[in-house]
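Here the structure is laid out as structure tokens; the discussion comes afterwards.
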Amino acid sequence: MGRGDLTNAESGRREPHLPASGRRGGRWNDHRKVIDGILFRLRTGIPWRELPERFGRWKTVHERHRRRWSADGTWDQILRAVQAEADLAGRIDWSMVSVDSTSCRAHQHAAGARKKKPRVPKKRTTPQHHRSDEALGRSRGGLTCNIHLAGEGECRPLAFLVTPGQWGDAPQMIQVLERIRVPRPEGGRPRTRPDHLGDDKAHSSRRNRRHLRRRQIKHTIPEPKDQRASRKRRGSKGGRPAGFDTEIYKRCNEVERTVNRLKNSRAVATRYDKRAYVFHGTGTVAAVRLWLRP
């Protein structure tokens with residue numbers, strides 16, 4: 001077993017959620033070696049063609065990550081499965097969930113994707129996370145993309161969203177929260193609502209606060225000076241001041257530490273994937289790796 005490969009315990013937790021092995025032609029044989037190759041590229045950020053020979057043919061590893069599991073949602077299913085196991089064991093801290101974003105510089109190899117829509121193999125549908133803009137945008141740093149994520153108290157991502165680099169934070173908060181779906185193996189609806197939500201002032205808006213009140217989610221979001229002044233100018237129509245708890249707000253650093261742990265993977269910190277759904281799959285693999293660790 002090499003550095004960064006899955007241990008026997010981690011592989012045993014992941015194995016039941018993978019596609020069945022032993023199909024004709026041996027297409028799905030040896031999942032563990034392929035996944036170790038995907039993790040090696042995730043950790044180092046090397047080109048797929050430079051994968052060491054101990055992982056097998058580089059094209060097999062690349063195609064299974066890109067055309068198969070990133071396109072058909074297999075990585076998303078594995079992430080929900082390991083989250084459900086952690087929730088069943090009481091290892092998810094729902095007392096505080098924070099939302100934040102991070103910018104990922106796009107490598108020059110990330111540009112130039114084909115205009116034709118990609119297809120899921122053997123299906124007439126496009127990948128779930130495909131975007132026509134490929135989540136690439138121009139900002140001060142050049143070609144960049146943003147990862148908006150929700151992190152729980154133990155510094156692990158619950159859900160995330162990939163957008164172009166010039167997109168703002170506040171309009172994406174509701175979409176990120178709607179992607180939180182932790183299944184309950186013992187029955188019942190998936191859990192989608194945290195006990196408390198903490199954000200920075202970049203996510204402060206009347207739309208976001210109205211959405212949180214409608215879902216009955218307690219939240220701690222500082223109010224920027226311009227919004228505070230606008231509310232006071234409107235008088236009684238501006239509404240009451242937003243509540244703010246300083247002690248609870250101190251825990252918002254947890255999502256920043258989550259971002260730091262996620263970007264320890266070089267293939268996430270710098271985007272090399274041309275397609276948005278493939279980069280989303282890369283981020284999902286990094287999130288699964290964090291959830292599998294003890």
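Note: hydrogens, waters and symmetry copies are ignored here, and every other heavy atom, side chains too, is used.
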Check your understanding: Can you check salt bridge (charged side-chain N to carboxylate O under 4.0 Å, His left out) on Asp273 and Arg275, steps first, answer last?
Key -> CA-CA 6 Å; Asp273 302 312; Arg275 295 289 190 181; over 6 Å; no

Review point. Passes salt bridge (charged side-chain N to carboxylate O under 4.0 Å, His left out), Glu254 versus Arg257? Steps please.
Key: CA-CA 5 Å; Glu254 294 169 352; Arg257 288 151 56 195; 5.1 Å; no

Check your understanding: What residues, two or more places apart in sequence or in another chain, satisfy side-chain contact (heavy atoms from CB on, under 4.5 Å) together with Arg66?
Key -> His62, Glu63, Tyr277, Val278

Review point. Just by modelled atom types, is the Asp93 backbone N or O under 3.5 Å from a matching donor or acceptor in the Glu154 side chain?
Key: no

Exercise for review: Kindly say whether Leu143 contributes a backbone atom to a donor-acceptor pair with the side chain of Arg105 at under 3.5 angstrom?
Suggested key: yes

Review point. Considering residues at least two apart in sequence or located in another chain, which fulfil the side-chain contact (heavy atoms from CB on, under 4.5 Å) criterion with Val255?
Key: Ser98, Asp100, Leu149

**Study point:** Listed partners of His109 passing side chain to side chain donor-acceptor pair (under 3.5 Å), at least two apart
**Key:** none

**Study point:** Side-chain ion pair, Glu134 and Arg131, N-O less than 4.0 Å
**Key:** no

Review point. Sub-3.5 Å donor-acceptor pair from the side chain of Ser265 to the main-chain atoms of Val268, do we have one?
Key: no

Study note, to complete from the structure: Residues passing the side-chain contact (heavy atoms from CB on, under 4.5 Å) test with Glu178, sequence neighbours excluded, are Ile174, His211

Review point. Side chains of Arg215 and Thr192: do they bring a donor and an acceptor to under 3.5 Å?
Key: yes

Check your understanding: Mind checking what makes ring pair (Phe, Tyr, Trp, His ring centres under 6.0 Å) contact with His129, not counting sequence neighbours?
Key -> His280

Practice item. State, to 0.1 Å, how close Lys218 and Asp195 come at their nearest heavy-atom pair, and which atoms those are. Key: CB-O, 3.9 Å

Exercise for review: Determine, for Glu85 against Arg91, whether the closest basic-nitrogen to carboxylate-oxygen distance falls under 4.0 angstrom.
Suggested key: no

Under 3.5 Å, which donor-acceptor pairs do the side chains of residues 42-50 form with other protein atoms, sequence neighbours left out?
unit_1 : atom_1 : unit_2 : atom_2 : d
Arg43  : NH1    : Arg3   : O      : 3.4
Arg43  : NH2    : Arg3   : O      : 3.0
Thr44  : OG1    : Phe40  : O      : 2.7

**Study point:** Residues Lys250, Glu247: salt bridge by 4.0 Å N-O rule
**Key:** yes

Exercise for review: Indicate whether the side chain of Trp94 and that of His196 have a donor and an acceptor atom separated by less than 3.5 Å.
Suggested key: no

Review point. Does the ring of Trp291 carry Arg261 above it, NZ/CZ under 6.0 angstrom from centre and within 45° of its axis?
Key: no

Practice item. Answer yes or no: is there a donor N or O on one side and an acceptor on the other, between the side chain of Arg179 and the main chain of Arg181, under 3.5 Å? Key: no

Review point. So, Gln227 versus Ser204: side-chain donor-acceptor pair below 3.5 Å or not?
Key: yes

Check your understanding: So, the side chain of Ser70 versus the backbone of His65: is there a donor-acceptor pair under 3.5 Å, distance only?
Key -> yes

